[in-house]
Amino acid sequence: MVHTGSCIASLIGQGGSRKYHLTWRWLRYFKNDRDRRDLITCGAAAGVAAAFRAPVGGVLFALEEAASWWRSALLWRTFFTTAVVAIVLRGFIQLCSTGTCGLFGQGGLIMYDISAANVVYSTPDILAVILLGVIGGILGSLYNYLVDKVLRTYSIINERGAAVKILLVIMISLLTSICSYGLPWLATCIPCPADASTSCPNTDVSGNYKSFQCPPGHYNDLASLFLNTNDDAIRNLLSTNTVKEFHISSLFIFFVAVYCLGIITYGIAIPSGLFIPVILAGSCYGRLVGRLFEPISKLDVGLFSLLGAASFLGGTMRMTVSLCVILLELTNDLLMLPLVMLVLLISKTMGDMFNKGVYDQIVKLKGLPYMEAHPEPYMKHLIARDVVTGPLITFSGVEKVGNILHSLKNTGHNGFPVIDEPPFSDAPELCGLVLRSKLLVLLKGKAFSKDRVLAGNKVLRKISELDFAKAGSGKGLKLEDLDIQEEEWDMYVDLHPIANTSPYTVVETMSLAKAAVLFRELGLRHMCVVPKSQERPPIVGILTRHDFQPEHILGLYPHI
């Protein structure tokens with residue numbers, strides 16, 4: 001749902017889709033970096049709000065996990081988005097409750113109401129919660145470690161083609177089926193409780209009591225977990241006032257199976273996530289601990305199940321505030337707030353001692369140049385000049401077409417400094433920064449002149465300002481799309497109208513740690529490094545996010 005919401009937002013941010021005739025003129029105002037980032041953040045928040053019926057949790061998820069930089073305007077935009085989601089959801093729930101939606105209206109939304117349980121806890125319960133947090137952090141960090149190793153293996157396997165991908169999916173599907181249908185045979189049949197609120201054994205598809213080869217009046221607790229959807233299995237585990245419903249041995253078998261299957265299933269060629277499998281494993285382990293602490297604890301095992309889910313989520317994903325609110329909105333029980341906060345903080349702290357969160361690990365595994373919120377300690381011992389690598393490609397304010405084409409062809413740079421030289425200035429000075437995408441649009445428009453003169457606003461008469469808007473993914477101009485004749489190579493083009501004349505700059509002697517903080521907080525793509533003295537060329541180099549990556553810095557200074 002998070003991915004779907006982000007995809008819809010990205011589609012809007014690139015002006016719709018011409019291929020599917022989904023374009024509107026007003027969407028062109030969003031075709032820039034900042035608005036697209038904001039829209040995708042709102043889309044991620046909408047996904048969480050829709051999946052968990054948690055509008056506030058969606059806002060906090062976007063703040064804590066989705067957005068790498070945040071500002072006040074983004075807060076009310078995400079809040080407005082999730083409010084609309086909540087209203088639309090409520091409308092469809094009421095519409096479908098009449099039975100007019102067919103199978104579409106049957107369940108689907110996750111909601112585990114545990115507010116019926118009596119929330120009373122004492123010192124032994126607090127100790128049990130602390131233990132839950134510690135074990136959850138350790139199990140979560142181990143989960144992250146194993147997911148990382150499995151994903152690295154799958155990335156090698158998946159490179160061998162589509163047939164191997166499909167074969168891997170079939171193997172995992174067979175293993176899951178064997179576990180789901182084979183392991184319930186290990187469980188013994190349990191007599192149905194006399195005071196069961198629902199029919200036992202169940203006759204419908206979902207429910208707490210599956211008969212599975214048991215005689216009449218009995219049910220198989222392991223089958224009740226395995227042969228249900230994940231949502232119903234979680235609902236069964238979170239059910240309150242049902243202490244003896246599941247055997248300790250059954251809970252242990254189910255936890256080990258779900259823990260291992262969750263690790264090997266993530267990363268195969270199917271749309272699958274981590275959130276629900278982690279909640280399922282966590283709630284199972286929480287209920288198991290609740291059963292073990294039953295003689296000395298006053299808390300219901302269903303509440304222990306909730307705390308187990310919180311501890312495991314905190315241990316794997318390392319989120320605190322958003323998870324706390326999502327779980328409380330999911331379960332409709334505010335009295336559990338102090339315990340959920342405590343268990344999340346402990347599990348996150350324990351997990352951070354061993355490795356990073358699962359999302360951070362996946363981002364690193366994909367090779368995306370993600371910048372951490374805090375600079376690495378060794379950055380304090382370096383200055384901005386130390387990590388600048390060359391060669392630096394610069395353009396004059398009025399540059400030859402041939403020089404621009406040569407530089408675009410032979411480098412992969414995305415930004416080029418523009419230097420004003422005599423006769424356009426008294427001495428060489430930094431005029432601004434021009435992007436590759438803008439240069440391509442300018443060259444396609446052929447706003448050339450035979451003499452080296454300033455063209456000014458004449459350029460924008462030939463080319464519409466909207467042509468410079470950010471293109472959609474894979475839709476921008478490419479060098480191959482240009483049709484520049486040989487005689488045009490010696491002509492000149494004025495870069496002033498398309499240059500960003502106020503780029504962010506730092507002095508070459510600035511601490512690299514401070515430069516990294518500035519780069520991330522402002523959400524930059526390029527940062528110009530200027531010399532300390534006036535006698536030297538006006539620019540030393542350009543810093544991009546790749547220059548702040550540990551791999552780049554440690555490659556330059558292995559002993560630091």
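Quick caveat, the model's predicted, so the values are computed rather than measured.
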Looking only at non-hydrogen atoms, find the nearest pair between Asp333 and Leu328 and report the distance. O-CD2, 3.2 Å

Derivation of the side-chain contact (heavy atoms from CB on, under 4.5 Å) call for Val278 and Val358: CA-CA 11 Å; Val278 166; Val358 69; over 6 Å; no

Distance col, row Leu307:CG vs Leu342:CG, nearest 0.5 angstrom, shows 9.0 Å

Run the side-chain contact (heavy atoms from CB on, under 4.5 Å) check on Glu65 and Ser322 step by step: do they pass? CA-CA 9 Å; Glu65 197 64 34; Ser322 55; 5.9 Å; no

Determine whether a donor-acceptor pair (N or O, by modelled atom type, separation under 3.5 Å) exists between the side chain of Tyr285 and the backbone of Leu132. yes

Measure from the side-chain N and O atoms of Ser305 to the backbone N and O of Val301, and report whether any donor-acceptor pair falls under 3.5 Å. no

Can you find a heavy atom in the side chain of Lys244 that is under 4.5 Å from one in the side chain of Arg291? yes

Can you find a pair of side-chain heavy atoms, one from Phe293 and one from Leu131, that are under 4.5 Å apart? yes

For residues Thr316 and Asn144, is any side-chain donor paired with an opposing acceptor at under 3.5 Å? no

Take a 6.0 Å sphere around OH of Tyr359 and say whether it holds more than 12 heavy atoms from other residues, nucleotides or ligands. yes

Got more than 12 heavy atoms from elsewhere within 6.0 Å of CE, Met371? yes

In plain terms, say whether Lys364 and Glu372 are close enough for a salt bridge, that is, a side-chain N and a carboxylate O under 4.0 Å apart. no

Measure up the Phe61 and Phe275 rings against each other and bin them: parallel (under 30°), tilted (30 to 60°), perpendicular (over 60°). perpendicular

Output field: ring centroids Tyr378/Tyr557 closer than 6.0 Å: no

Using only atom types and a distance under 3.5 Å, with no angle test, would you say the side chain of Glu329 pairs donor to acceptor with the backbone of Gly57? yes

Check: Asn158 and Leu168 side chains under 4.5 Å, non-hydrogen atoms: yes

Pairwise distance CG(Leu306) to OG1(Thr331) - rounded to 0.5 angstrom: 5.0 Å

Would you sort out whether Phe254 and Phe246 count as a ring-ring contact (aromatic ring centres under 6.0 Å, His included), showing the intermediate values? CA-CA 11 Å; Phe254 184 69; Phe246 301 104; 8.5 Å; no

Which pairs count as side-chain hydrogen bond (donor to acceptor under 3.5 Å, both in side chains) when at least one residue sits in residues 345-355, sequence neighbours excluded? Arg318-Asp352, Arg318-Asn355, Lys348-Asp352

To the nearest 0.5 Å, tell me how far Asn236 CG sits from Arg287 CZ. 8.5 Å

If you apply the rule ring-ring contact (aromatic ring centres under 6.0 Å, His included), what do you find for Phe312 with Tyr143, and how did you get there? CA-CA 9 Å; Phe312 202 31; Tyr143 193 87; 5.5 Å; yes

Inter-residue atom distance Ile268.CD1 - Leu167.CG, 0.5 Å rounding: 11.5 Å

Kindly indicate whether the side chain of Phe226, heavy atoms from C-beta on, has any atom under 4.5 Å from the side chain of Tyr181. no

Check whether more than 12 heavy atoms from other residues, nucleotides or ligands sit under 6.0 Å from atom CZ of Arg34, and answer yes or no. no

Minimum heavy-atom separation for Ala45 and Gly58, please, with both atom names. CB-O, 3.4 Å

Check whether more than 12 heavy atoms from other residues, nucleotides or ligands sit under 6.0 Å from atom OH of Tyr370, and answer yes or no. yes

Would Leu237 and Leu251 count as a side-chain contact (heavy atoms from CB on, under 4.5 Å) here? Give the steps. CA-CA 9 Å; Leu237 288 166; Leu251 290 170; 3.7 Å; yes

What one should report as the nearest heavy-atom pair of Leu238 and Ser283 is CD2-CB, 4.5 Å

Rounded to the nearest 0.5 Å, what separation is found between the OG atom of Ser122 and the NZ atom of Lys298? 4.5 Å

For Ser272 and Tyr266, which heavy atoms make the closest approach, and how far apart are they? O-CE1, 3.8 Å

Between Tyr219 and Cys214, is any pair of side-chain heavy atoms under 4.5 Å apart? no

Would you say the rings of Phe354 and Tyr145 are close, in the sense that their centroids are separated by under 6.0 Å? no

Any donor-acceptor pair under 3.5 Å from Thr265 side chain to Gly262 backbone: no

So, do Val169 and Ser173 sit near enough that their side-chain heavy atoms are less than 4.5 Å apart? yes

To check you understand the geometry: which heavy-atom pair defines the closest contact between Ala67 and Thr41, and what is its length? CB-CG2, 3.9 Å

Would you say Ser224's side chain and Lys210's backbone share a donor-acceptor pair under 3.5 angstrom? yes

Do Glu294 and Phe304 touch side chain to side chain, with heavy atoms closer than 4.5 Å? no

Quick one: CZ on Arg53 to OG1 on Thr82, what's the gap to the nearest 0.5 Å? 15.0 Å

Show the nearest heavy-atom pair for residues Cys179 and Leu261, with the distance to one decimal. CB-CD1, 4.2 Å

Is the shortest heavy-atom distance from the side chain of Val147 to the side chain of Gln361 under 4.5 Å? no

With distance as the sole criterion, is a donor-acceptor pair present between the side chains of Asp221 and Ser250 under 3.5 Å? yes

Given 3.5 Å as the limit, does a donor-acceptor pair link the side chain of Asp300 with the main chain of Asn241, or not? yes

Using the side-chain contact (heavy atoms from CB on, under 4.5 Å) rule, take Met319 and Leu313 through it: C-alpha gap first, then chi angles, then the decisive distance, then the call. CA-CA 8 Å; Met319 294 184 286; Leu313 281 167; over 6 Å; no

His552 side chain vs Val387 backbone, donor-acceptor pair below 3.5 Å: yes

Within the side chain of Asp547, is there an N or O that forms a donor-acceptor pair under 3.5 Å with the backbone of Thr544? yes

